[in-house]
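Chain A is the first sequence line, chain B the second, and so forth, proteins listed ahead of strands; every chain is numbered from 1.
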Amino acid sequence: MNALSEIKSRFSSVLSEFVDDPTELLNMIRPAGDPKFGDYQANCAMPMGKRLGKSPREIAAELVNRVSLDDFCETVEIAGPGFINLTLKDDWIKQILTAALLDDRLAIAKVANPKTFVVDYSSPNVAKPMHVGHIRSTVIGDAISNVLRFVGHDAISDNHLGDWGTQFGMIIYGYKHFLDREAYRTAPVTELGRLYKHVRKLIDYHAAVAQLPEAEAKLAELKTTLAELVSREPSGDKKEDKQHNKQIKLLSDKIAEHAERIESLMDKVNEVKNTPDLKSQSERHSGINQAVLLETAALHEGDETNKKLWEEFLPYCRQDIQKMYERLGIKFDYELGESFYHEELANVVSDLEAKGFTKESDGAICVFLDHHDAPMIIQKRDGAYLYATTDLATIKYRIDHFNADACLYVVDHRQSEHFEKLFDVAKLWGYGDAELTHVAFGTVMGPDGKPYKTRSGDTVGLAGLLDEAESRALEITRNQNPDLPDQRHKEIATVIGIGGLKYADLSHNRGSDYEFNYDKMLALRGNTATYLQYSYARVQGILRKTEADVEAIRANPSAFEFELDIERQLAVKLIRFGEALDEVLVEYKPNFLCNYLFELSQLFAQFFDQCSVKDAGSESLKTSRLQLCVLTARTIKTGLGLLGIGVLDQM
RNA sequence: GCCCCGAUAGCUCAGCUGGAUAGAGCAAUUGACUUCUAAUCAAUAGGUCGCAGGUUCGAAUCCUGCUCGGGGUGCCA
């Protein structure tokens, strides 16, 4: 039962008498912006007034007269220019609360028309260590899938692994030339990881050596240009001088950027040069960059040795990734990686060709699109396919095989142009009926406001990130509650460490970049997982101290009483859980659920402060408050659960 | 050059399908622990919502221009 949708449905028929499609007007019914205006407000009378040539207040009065709300709205008031303010009847609120107590789903109705969603998220490159960039996709995608399922949709999570790329060429090359057999036998995952990093290092070295002269020449050229610009006399024309200064600034920035790049290249060169082993290897493997590409190409063309090695490596690589998902508590329904679509790529191209959508350009097979200057290239000049091709094959498979009504891609916002083109081509191709959505998210920034990197400029590894979050959480819980046994501290640290990390991500609007900060994500106060988890633990404390029998309470609810206003406020918040879930799904934004849970927890903290359960004035009031406690705990637990975050009975 | 995104309190960020005095947390100041966990609560202070126009009964939200920042931009993913 959802108060907002109930109100909307009551208004719907009446509004239909005034307009053809009341959808827009119904969207103007919303939770009240201020408690003094009641619980909900309908703002539709103002725009109607204009359209119907009557005063908005007149319209409002007419609406109020005609809409039947008596059974669950206490007062219906017209205020200001024509706002209709609605206050729910306490009895109705209590009825919903009772239903929620009795129901395992907290009386959240399932959607009338369930759809099939395929949610594509996480999608790391197998054989490369997972890094900070993967958490957002993983955590947001998981939360969205969970919410979709909870409200009754069929959500299929699919981890589109990068398991067919150049990184395998690197490992294969490494295996053939640098393998430590003993290490491979005892710890294959570690050894494969070492091989990847080793080959990567040599490749980066050669690439850097090749790029340095050009980069330095470019830097010198930029510096000369800058010197010329600086030496030029001001013209006296204001606009021109401003333009001139702007160019100087732009150029200076560019020079700084270039210098930084050269420094990073130098680091890579020096590391190899200063390590005798690496130096001699780099000399012996001078053609490694090309050789790795050839190994990859051989794999793709079905070379037996390489195919066999790939089959041997893949389970080890997956095992490594799996460890990370276990720590994060994430599971996928499918993990159909790029390799799964390999056989289909030629068909994708030939089908699009047959349908006349392609055009050859500079030897590549392209699909040209309106609104985009550059075409989508689906086959390279050398005959190889691209990720665009794989993505098209994937859409076809998801729609044909899973009967997907919607495909969601939880991927970095930098790929938005790629997805625009991809979806355009998919529509041309005949897959336009399904909803195709790029659920984009921003970059994780470091304290300097730049993308989060280690001091040496590498991306931050995910494993280390989780370790750090947990160890900081451990320190916090030890300080906070020294009496608990250490084993308990470790359990708590895992739940609040991982929870804090996930929540920090989910509570921000996914579209924005956000600053990664351990202290903030693990802070004990404020909008953090810890605060919500603490609210839950406090409820459990009450239940323990009052020796409440939760099962009995749930099976046989008593009457609710609102003695203080905060009890009613908490109650109203509790019955709005479903609205929060609906909000999440409008634009696939989990931060709406975070907001809701935070506000719920804040209200509970006030309730906790003002309303003693143990020493309530009467037995009936005590039971009523216990019931509010039980519902609060269940809502927080369920809500955090949908976000992939755990709770603790004691912390 | 072209395309996309952003600019809200000292800091980190919500709010953006137009709604009533613009919110939260942190930091600052002040009060509340013999009490169901103070990992808490209450209170004070803090704003030209980048700038300038426009649409509207009403604009942080929509439109146009500008400034500043970030990202992307045919054979990587």
Side-chain angles (χ1 to χ4, degrees), chain A residues 23-24 27-28 30 32-34 36-37 41 43 46-47 49-50 55-56 79-83 85 123 125 162 165-166 246 338 361-366 368 371-382 384-388 390-391 411-418 420 440 442-443 445 449-451 476-477 479-481 496 504 507-509 511-515 517 519-520 522-528 530-531 533-535 537-546 548 586-587 591-592 594-595 598-599 602 604-606 608-616 625-626 629 650-651:
Chain A
T23 315
E24 205 178 317
N27 281 336
M28 304 180 88
R30 55 186 56 202
D34 190 311
K36 75 179 178 213
F37 300 135
Q41 60 182 48
N43 303 338
M46 279 88 81
K50 186 109 191 174
S55 94
F83 293 103
N85 292 336
S123 309
N125 270 320
T166 325
K246 193 174 155 185
E338 292 171 342
S361 174
D362 293 334
I365 298 177
C366 304
F368 283 86
H371 317 298
H372 289 282
D373 292 340
M376 168 155 264
I377 300 176
I378 55 174
Q379 186 168 17
K380 297 202 287 184
R381 187 171 25 210
D382 66 5
Y385 303 103
L386 297 104
Y387 72 125
T390 312
D391 282 351
V411 180
D412 198 316
H413 71 306
R414 279 173 293 201
Q415 290 192 42
S416 57
E417 203 173 357
H418 164 68
E420 279 171 25
T443 311
M445 300 299 202
K450 290 183 187 161
I476 290 170
T477 175
N479 283 337
Q480 208 58 234
N481 215 339
I496 66 176
S507 59
H508 288 93
N509 182 331
S512 342
D513 297 340
Y514 90 95
E515 188 180 303
N517 183 319
D519 292 330
K520 278 186 184 152
L522 294 172
L524 306 173
R525 25 188 44 188
N527 189 3
T528 62
T530 322
Y531 179 83
Q533 288 163 328
Y534 178 64
S535 307
R538 286 176 116 190
V539 176
Q540 300 310 312
I542 294 174
L543 298 178
R544 267 196 307 278
K545 283 283 160 60
T546 55
V586 173
E587 286 188 304
N591 62 311
F592 282 102
C594 296
N595 274 344
F598 178 54
E599 286 163 10
Q602 281 182 312
F604 174 74
Q606 291 172 44
F608 184 93
D609 208 46
Q610 297 173 34
C611 304
S612 173
V613 177
K614 209 174 63 183
D615 301 320
R625 289 179 173 172
L626 269 176
C629 285
Q650 210 177 349
M651 54 191 277

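Within 4.0 Å of A/Phe37, counting heavy atoms only, lies at least one base atom of the nucleic acid. Residue A/Asn43 is classed as a base contact, given a heavy-atom separation below 4.0 Å to a base. Within the 4.0 angstrom heavy-atom criterion, no nucleotide atom of any strand lies near A/Asp391. At the heavy-atom level, A/Glu515 lies under 4.0 Å from the strands shown only through sugar-phosphate atoms. Contacts of A/Ala537 with the nucleic acid, taken as non-hydrogen atoms under 4.0 Å apart, include base atoms. Among the atoms of the strands shown, none is found under 4.0 Å from any heavy atom of A/Gly33.
Between A/Gln533 and B/A39, a side-chain N or O to OP1/OP2 separation shorter than 4.0 Å is absent. The shortest distance between the side-chain N/O atoms of A/Arg538 and the OP1/OP2 oxygens of B/C36 is not below 4.0 Å. Taking only side-chain nitrogens and oxygens, A/Asn517 never comes nearer than 4.0 Å to OP1 or OP2 of B/C26. One finds no side-chain N or O of A/Lys614 lying less than 4.0 angstrom from the OP1 or OP2 phosphate oxygen of B/U35. Regarding contacts with the backbone of B/C36, every side-chain N or O of A/Arg544 stays at 4.0 angstrom or more from both OP1 and OP2. For the pair A/Gln480 and B/A39, the criterion of a side-chain N or O lying under 4.0 Å from OP1 or OP2 is met. Contact check, A/Asn509 against B/G15: a side-chain N or O comes under 4.0 Å of OP1 or OP2.
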Margin query: Output the pairing pattern of RNA chain B as a dot-bracket string, 5' first, Watson-Crick or G-U wobble with both distances under 3.5 Å, | for cross-strand pairs, [ ] for crossing pairs.
Written below: (((((((..((((.....[...)))).(((((.......))))).....(((((..]....))))))))))))....

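Heavy-atom nearest nucleotides on RNA chain B were determined for A/Ile542 and for A/Phe592, and the one closer to the 5' end corresponds to A/Phe592.
Rounded to whole Å, the C1' atom of B/G15 lies 15 Å from the corresponding atom of B/G25.
Remark: the A/Glu599 side chain and the B/A24 base include no donor-acceptor N/O pair separated by less than 3.5 Å. Scanning atom types as modelled, one donor and one acceptor separated by under 3.5 angstrom connect the side chain of A/Lys36 and the base of B/U21.
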Check: Base, backbone or nothing for each nucleotide of nucleotides 70-77 of chain B, written B, S, -, heavy atoms under 4.0 angstrom, 5' to 3'?
Finding: -SSSBBSB

